[in-house]
Every structure is written in C-alpha cells, then in structure tokens.
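Just so you know, these numbers use all the heavy atoms, side chains as well, and skip hydrogens, waters and symmetry mates. Each chain gets a letter, A, B and so on, in the order its sequence line appears, and its residues count up from 1.
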Protein chains: 2
Amino acid sequence: MSAKDEILRCARDIYLENGLSGLSLRAVARCAGVTAPAIYRHYDDKEDLLWAVCEQGHELFARYLGRGLRGGDPRARLIETGLGYLDFALEHRAYYVIMFVAPPSHFGLDRLAERSADENGATFQMLVDRVRECMDAGVIAPGDATAAAVIIWGHVHGLVTLEQRLPTDPDARRVAAPDPVATEAKFRELYRRSLDALIDGLGPR
Amino acid sequence: MSAKDEILRCARDIYLENGLSGLSLRAVARCAGVTAPAIYRHYDDKEDLLWAVCEQGHELFARYLGRGLRGGDPRARLIETGLGYLDFALEHRAYYVIMFVAPPSHFGLDRLAERSADENGATFQMLVDRVRECMDAGVIAPGDATAAAVIIWGHVHGLVTLEQRLPTDPDARRVAAPDPVATEAKFRELYRRSLDALIDGLGPR
DNA sequence: ATCCGACGTGAACAGTGTTAACGTCTCCGC
DNA sequence: GCGGAGACGTTAACACTGTTCACGTCGGAT
C-alpha cells in the first residue's frame with residue numbers, strides 16, 4: 001500500500017470517527033507513520049486531502065443512489081432512489097455531513113465548495129432523470145422536471161438534516177437514551193410517508 | 001456601550017461578514033479595542049461568545065416567524081409562516097448557517113449543539129401549532145401534528161439549504177454571474193409552489 | 001486608608017496549517 | 001560503475017489559533 005493511500009485511509013478514518021475538528025494533519029501523519037510535511041508530497045494542502053476523502057464518499061453514495069434503478073415502474077424507481085438517499089445519509093452520517101450539509105465556504109474551504117457543487121450537479125442529474133420518467137408516465141404533472149427535482153431533493157435532504165438536529169420524537173425529549181433503533185424506524189416510516197405525500201402533491205390534479 | 005456589548009457587536013459583525021473561519025478572538029479583540037484575554041472576562045470561551053451571536057439570530061428569527069400570525073385562515077397562516085422562514089434564510093444567510101445548517105458537533109462545538117437544540121424545539125412548537133390549526137380546519141388530514149410539522153419543516157429547510165449549494169437554475173450553470181436577483185425570484189416562486197403541493201399532499205384524500 | 005473585586009494587560013503554552021532547507025534513497029543514461 | 005535527477009521523507013521554523021497565568025490598575029464599599 002502506497003504512502004499516499006495510507007495517508008488517505010488515515011484521514012478518512014480519523015474524520016469519520018472524530019469529525020472535522022479532530023482532523024489535524026499531524027494526527028493523520030502520526031497514524032500513517034510519517035511526519036506532517038510529508039503529506040504535502042501527495043496533497044496540495046489540507047483542503048485537498050479532505051476533498052480526497054469526499055471523493056470516496058461520493059463513490060459510495062453513487063452505489064446507494066443506483067438502487068433506484070431496481071424499481072419496477074417510474075414511481076417506484078423515484079421512491080427507491082429517495083430511499084437509497086436516506087440509507088446513505090443514515091448509515092454514513094459523517095460522509096453525508098461534509099458532502100451535503102456543512103457549507104464549505106463558511107469554513108474557508110472554497111475549492112471544496114466548487115468541487116462539491118460539480119459533484120452535486122452529477123447526482124442531481126440522476127434525480128432529474130427519475131422525475132422526467134414520472135412525468136412521462138403521468139405520475140407527476142408535466143412541467144419543469146428540474147424544478148420538481150429540486151423540490152424533491154430539497155424535501156429529502158431537509159428531512160435527513162433535520163433528523164440530525166431534532167429529537168424527532170418529541171415524546172423522547174430529555175428522556176435518557178431514546179432508543180435510537182426505534183426512533184430510526186419511526187423516522188424511516190415518516191420519511192417514506194412524506195415522500196409519498198409530496199409526490200401525490202406534485203401529481204396531476 | 002459596555003465592553004461586553006462591544007465585543008459581542010464585533011463578533012457578530014466579523015462572523016456575518018467572514019464566516020466562522022474569519023472569526024478569531026484576536027480579530028474580535030482588535031475590533032473592540034482590547035486584547036484577546038479580555039474577552040474571557042465576559043465570555044467563558046469562543047464557543048460561548050459564538051452562542052451569544054446565535055442568540056441574537058434567534059431573536060431576529062422569532063420576529064420573522066411571527067409574521068405567520070398575520071394570515072387570515074389556517075392554511076394562509078401556515079404558508080405565511082413558511083414564507084417568513086424563507087425570508088429569514090435568504091436575508092440573513094450567515095445567521096441561518098450557524099443556527100440551522102452547520103452541525104456543531106462536527107466542529108467540536110458541543111455546548112452549542114445542545115443549546116441550539118433547545119432553541120430549535122421552541123420554534124418547532126410554533127410550527128406544530130400552525131399545523132394543528134390546519135388539521136382542525138380540515139386543511140391537513142387529521143393525525144400526528146408533530147410528524148406533519150417535521151415533514152413541513154424538513155421540506156422548507158431542505159429547499160433553503162439546497163439553494164445555497166446548487167446553482168438552482170440549471171440554465172445558469174457556469175454562465176458568468178447568473179443574476180442573483182432573477183434566480184432568487186425564481187426560487188421564491190418554486191418554494192411557494194412546492195409548499196402548496198406538499199400541503200395538498202398532506203390534505204385529506 | 002484599605003481592601004476587594006472587576007477589568008485589562010503582556011507573556012507564555014500547546015496546538016494548528018504550511019514552508020524552507022536539507023537528506024536519502026532509487027532509477028536512468030552515459 | 002558513476003553522476004545526476006527526481007521522488008520522498010526529515011527537522012526546524014513561521015505565523016497563527018484558543019487559552020491560561022501572573023501581574024497590574026482602577027472605582028467603590030467598608
């Protein structure tokens with residue numbers, strides 16, 4: 001395994017475990033068995049290294065979104081895409097955060113902002129395709145497929161990010177350890193139902 | 001004006017202008033005409049100071065949400081609340097980012113995470129009230145008002161955060177300066193339509 | 001007059017990302 | 001075989017960060 005790969009592996013593990021605040025170049029170097037400046041032989045700077053981590057995330061993400069193609073009819077394919085999105089967000093929260101949540105420019109990560117905008121454009125295209133399919137099949141009212149795709153992405157993205165900030169289950173407010181498994185199942189249910197409701201709302205009158 | 005107020009004012013201005021990465025204690029101190037350690041006479045640490053900035057944001061935010069009460073019927077009040085949310089997010093992006101977007105725990109801001117969760121719970125209650133009103137009036141199908149509120153908040157929150165990451169208008173991809181005013185108007189339109197569609201979807205069959 | 005607490009200071013510490021100067025290998029052409 | 005070149009790593013240092021410590025300097029209450 002090359003030193004470059006080893007550095008990336010360490011950066012990824014440290015980030016996924018400790019978040020951005022735990023990701024220091026010296027920590028990465030220590031883990032990889034080198035000193036900090038050695039990293040600069042392989043990556044331009046910290047932002048560049050972080051981007052390499054993001055790229056691995058996007059690769060993983062693409063596989064989750066790909067599940068959408070398994071659905072039988074257009075509506076099922078769109079919903080299945082939404083569920084793949086949810087699974088990725090729940091199973092790989094840390095990845096999801098850098099890739100879609102944390103606004104890079106506010107943390108001085110300007111290049112990362114650009115690059116991830118491009119990447120987002122690609123996944124967005126996948127969603128637009130599913131939406132257009134639904135429009136052709138009469139599941140969604142004909143119109144601007146791009147706009148509808150923004151609405152749907154916004155919807156699922158919002159639910160997922162909100163789930164990470166709210167207790168979600170208000171009964172569990174301030175009750176110790178609100179059994180994450182149960183509330184996650186509840187949230188999945190809610191996610192699914194709301195996706196249905198939204199698509200209904202976007203359907204022909 | 002007390003020194004404490006002056007420090008807070010500087011911290012707010014610097015943050016709103018330069019984002020989190022530009023907010024250094026020494027910069028705040030310089031602006032306020034003191035040295036960095038003086039800040040510790042008034043705030044526990046940087047996180048505490050940042051929280052004070054957030055509090056001002058929440059105060060402002062409450063006024064925007066309050067507009068929802070102007071609506072005539074329950075549905076109008078719910079939509080008006082959603083539009084107030086949008087206005088705040090668009091007119092005070094930087095505030096919106098710390099308050100609702102950036103996940104504090106990933107940046108080592110644990111206390112801020114707790115505190116803002118509490119604050120979010122409060123605004124959430126306001127939304128639940130509007131939803132319950134709609135259920136009573138038959139605008140939204142009867143059921144769990146909290147769940148419906150999560151869905152709606154997730155929806156608007158997702159659209160707003162997405163707008164900050166996507167070009168929104170795909171025609172403007174990579175075209176220089178895609179006239180922010182025009183695309184903002186377009187986005188408002190899309191936001192409003194999708195909110196309508198979602199509430200339709202949540203209505204009785 | 002004296003103590004005290006509030007407020008501010010300069011110096012210092014550990015940690016950060018990053019750069020410069022210096023080695024040490026390996027491989028390639030002569 | 002020899003010399004040069006390039007890839008890769010090191011140590012030392014710089015400027016910056018949040019934070020703490022010991023020291024002052026006031027104003028007000030006793």
Side-chain angles (χ1 to χ4, degrees), chain A residues 1-54 94 98 102-115, chain B residues 1-54 94 98 102-115:
Chain A
M1 202 180 210
S2 81
K4 178 164 183 172
D5 294 344
E6 186 70 10
I7 289 171
L8 177 54
R9 188 188 63 80
C10 287
R12 164 170 41 81
D13 290 352
I14 290 177
Y15 168 75
L16 293 183
E17 190 117 1
N18 304 77
L20 241 187
S21 58
L23 185 70
S24 89
L25 290 183
R26 282 174 172 86
V28 171
R30 198 178 321 120
C31 159
V34 294
T35 57
I39 297 177
Y40 288 81
R41 296 286 164 196
H42 307 284
Y43 298 93
D44 290 349
D45 52 14
K46 185 179 181 178
E47 192 174 352
D48 195 35
L49 175 58
L50 188 59
W51 172 246
V53 174
C54 287
I98 1 164
S105 55
H106 264 73
F107 301 99
L109 304 170
D110 294 349
R111 253 169 314 151
L112 204 145
E114 282 185 39
R115 287 165 164 177
Chain B
M1 200 181 213
S2 80
K4 179 164 182 172
D5 294 345
E6 186 68 11
I7 289 171
L8 178 55
R9 189 189 62 79
C10 287
R12 165 171 41 83
D13 290 353
I14 291 177
Y15 169 75
L16 294 181
E17 188 118 1
N18 304 80
L20 241 187
S21 57
L23 185 69
S24 90
L25 290 183
R26 283 174 172 86
V28 171
R30 197 178 319 121
C31 159
V34 294
T35 58
I39 298 178
Y40 288 81
R41 296 286 164 195
H42 307 285
Y43 298 93
D44 290 349
D45 52 13
K46 186 179 180 177
E47 192 175 353
D48 195 35
L49 174 58
L50 188 59
W51 172 246
V53 174
C54 286
I98 359 164
S105 56
H106 263 74
F107 301 99
L109 305 171
D110 294 349
R111 253 169 314 151
L112 204 145
E114 282 185 40
R115 288 165 163 175

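Checked against side chain to side chain donor-acceptor pair (under 3.5 Å), Arg26(B) has no partners two or more places apart in sequence or in another chain. Applying the side-chain contact (heavy atoms from CB on, under 4.5 Å) criterion to Arg12(A), with sequence neighbours excluded, gives Arg9(A), Leu16(A), Val53(A), Gln56(A), Tyr95(A). Qualifying side chain to side chain donor-acceptor pair (under 3.5 Å) partners for Asp5(B), counting only residues two or more places apart in sequence or in other chains: Ser2(B).
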For residues 36-47 of chain B, which side-chain donor-acceptor pairs fall under 3.5 Å, sequence neighbours excluded?
| from | atom 1 | to | atom 2 | distance (Å) |
| --- | --- | --- | --- | --- |
| Asp45(B) | OD1 | Glu47(B) | N | 3.4 |
| Asp45(B) | OD1 | Asp48(B) | N | 3.0 |
| Asp45(B) | OD1 | Arg111(B) | NH2 | 3.4 |
| Asp45(B) | OD2 | Arg111(B) | NH2 | 2.6 |
| Lys46(B) | NZ | Leu23(B) | O | 2.7 |
| Glu47(B) | OE1 | Arg111(B) | NH2 | 3.1 |
| Glu47(B) | OE2 | Asp110(B) | N | 3.2 |
| Glu47(B) | OE2 | Arg111(B) | N | 2.8 |
| Glu47(B) | OE2 | Leu112(B) | N | 2.8 |

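Atom NZ of Lys46(A) is separated from atom C1' of dC16(D) by 14 Å (rounded to the nearest Å). Atom C1' of nucleotide dG9(D) and atom CD1 of Ile7(A) are separated by 10 Å, given to the nearest angstrom. When the C1' atom of dT20(D) is taken as reference, atom CG of Asp44(B) falls 14 Å away, rounded to whole Å. Distance, Leu49(B) CG to dG18(D) P: 10 Å, rounded to whole Å. If you measure from atom CG of Asp48(B) to atom C1' of dT19(D), you get 14 Å, rounded to the nearest angstrom.
For Ala32(B) against Cys10(B), the heavy-atom pair with the smallest separation is N-SG, 3.6 Å. Of all heavy-atom pairs spanning Leu8(A) and Ala52(A), the tightest one is CD1-CB, 3.7 Å.
Mapping Arg41(B) and Glu47(B) onto DNA chain D via the closest heavy atom, the residue that lands nearer the 5' end is Glu47(B).
A heavy-atom distance below 4.0 Å to DNA chain D is reached by these residues of residues 19-34 of chain A, ordered by number: Arg26(A), Val34(A).
Expressed to the nearest 0.5 Å, how far CD of Glu114(A) lies from CG of Leu109(A) amounts to 12.5 Å. Between the OH atom of Tyr15(A) and the SG atom of Cys54(A) there is a distance of 7.0 Å, given to the nearest 0.5 Å.
Once you apply a 4.0 Å limit to the heavy atoms of chain B, the touched nucleotides of DNA chain C run 5' to 3' over dC7(C) to dA12(C).
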